[in-house]
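Please read the structure below before turning to the comments.
Chain identifiers are assigned alphabetically (A, B, ...) following the order of the sequence lines, protein sequences preceding nucleic acid strands; residue numbering begins at 1 within each chain. No experiment lies behind these values; they were computed from the predicted model shown. Both backbone and side-chain heavy atoms feed into the values below; hydrogens, waters and symmetry mates do not.
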2 protein chains.
Amino acid sequence: MSLTTAARVRPVGQDHYSISEVASYTGLSAHTLRWYERIGLLNGVHRSHTGQRLYTDGDLDWLDLIGKLRLTGMPVADMVRYAELVRAGDQTMPERTQLFREHREVVRQQIEDLRTTLAVLDFKIEFYEGAASGCTP
Amino acid sequence: MSLTTAARVRPVGQDHYSISEVASYTGLSAHTLRWYERIGLLNGVHRSHTGQRLYTDGDLDWLDLIGKLRLTGMPVADMVRYAELVRAGDQTMPERTQLFREHREVVRQQIEDLRTTLAVLDFKIEFYEGAASGCTP
DNA sequence: TACTGACTTGGAGTGCACTCCAAGCAACAA
DNA sequence: TTGTTGCTTGGAGTGCACTCCAAGTCAGTA
């Protein structure tokens, strides 16, 4: 679930990055970056005179946010919905707030569930270790 | 991600439950319960004289654990692996401990990621609310 | 006896989120 | 000039975790 293989280092502050630079920065594949654009999750990516994608720092910020939302299990369709609201302008701010408020509750619940499971895992590990060291008769 | 629609009430302590009782208890569909059994995640489910499944309290406990592991994103294949280790007997305990220790780290990392995202969400919500109430010039 | 409803099976289908493919173009090195 | 590398596209393919279907069995009720 966490992108441990990503370089996570933003290249020189040149404000235009190739798809492979962005791939290594975000940990997403170039395929996925193109797919994100196709489904409307990433809009208005600039192009060079030869038609190659040039991502800006703004795009990288957006991808950071998207990445965090993905990590919390937000469906891609919901993120596309959010992207559409942002495109639609400032009058959609109440709806965006609502979207985030609802998602915040989802995240809270997930943390709760994870904590419960962590406790179970700790208990199991202790049990297995106890059994291994012969503490149970 | 959380099973809010599940009844989560264990039926009378009769130690044999029908597939629909177990479905309503676990929040899993009957389809999924049969599929779990087919892939080896749930083994040795008893049958009535007419061939219908009769789940025990032990099965319900097992499904509780499985459900928690699923909630933390453990792939079904890994849970099947764990089920195989349990079937194989006590000599697999060290491997089971190892499996849980590794998963514990995954869960810890997830909690970390979720907390980071929660902070971003809080920040965004505050920003949108500030913008709505005209606090930004 | 007829019907209803809950169960059984193997196999096919679904939705999501990618992931890959083939064919082609542009820039550069040997 | 001939690779090689890195990019482009639309469309097809993949893997996971279910989810459903058709055809059949069995128990209970009108």
Whole-Å distance separating the [atom1] atom of [X] from the [atom2] atom of [N]:
X       : N      : atom1 : atom2 : result
B/Ile39 : D/dG15 : CD1   : P     : 17 Å
A/Arg38 : D/dG11 : CZ    : C1'   : 8 Å
B/His31 : C/dG11 : NE2   : C1'   : 14 Å
A/Trp35 : C/dT19 : CH2   : C1'   : 10 Å
A/Gln52 : D/dT9  : CD    : P     : 10 Å
B/Arg47 : C/dC7  : CZ    : C1'   : 10 Å
A/Glu37 : D/dT8  : CD    : P     : 8 Å
B/Met74 : D/dC16 : CE    : P     : 15 Å

N/O donor-acceptor pair under 3.5 Å between [X] side chain and [Y] backbone:
X       : Y       : result
A/Trp62 : A/Leu41 : yes
B/Ser18 : B/Glu21 : yes
B/Thr92 : B/Ala88 : no

Is [X] near enough to [N] that one of its side-chain N or O atoms lies under 4.0 angstrom from OP1 or OP2?
X       : N      : value
A/Arg70 : C/dC16 : no
B/Tyr36 : D/dC18 : yes
B/Thr50 : C/dC7  : no
A/Ser18 : D/dC7  : yes
A/Arg34 : D/dC7  : no
B/Arg53 : C/dT9  : yes

Return the 5'-most residue of the pair B/Ala77, B/His49 with respect to DNA chain D, ranking by each residue's nearest nucleotide.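 On the 5' side of the pair lies B/Ala77.
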Picking from D/dT8, D/dC18, D/dA17, which would you name as closest to the side chain of B/Thr32?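 Between D/dT8, D/dC18, D/dA17, the one nearest the side chain of B/Thr32 would be D/dC18.
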For B/Asp59 and B/Thr56, test the side chains for any donor-to-acceptor distance below 3.5 angstrom and give the result as yes or no.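 Looking only at side-chain atoms, B/Thr56 and B/Asp59 do form a donor-acceptor pair, the distance falling under 3.5 Å.
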Could you pull out the closest heavy-atom pair between A/Ile39 and A/Val76, with the gap in Å?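 Heavy atoms only, the tightest pair is CD1-CG1, 3.3 Å.
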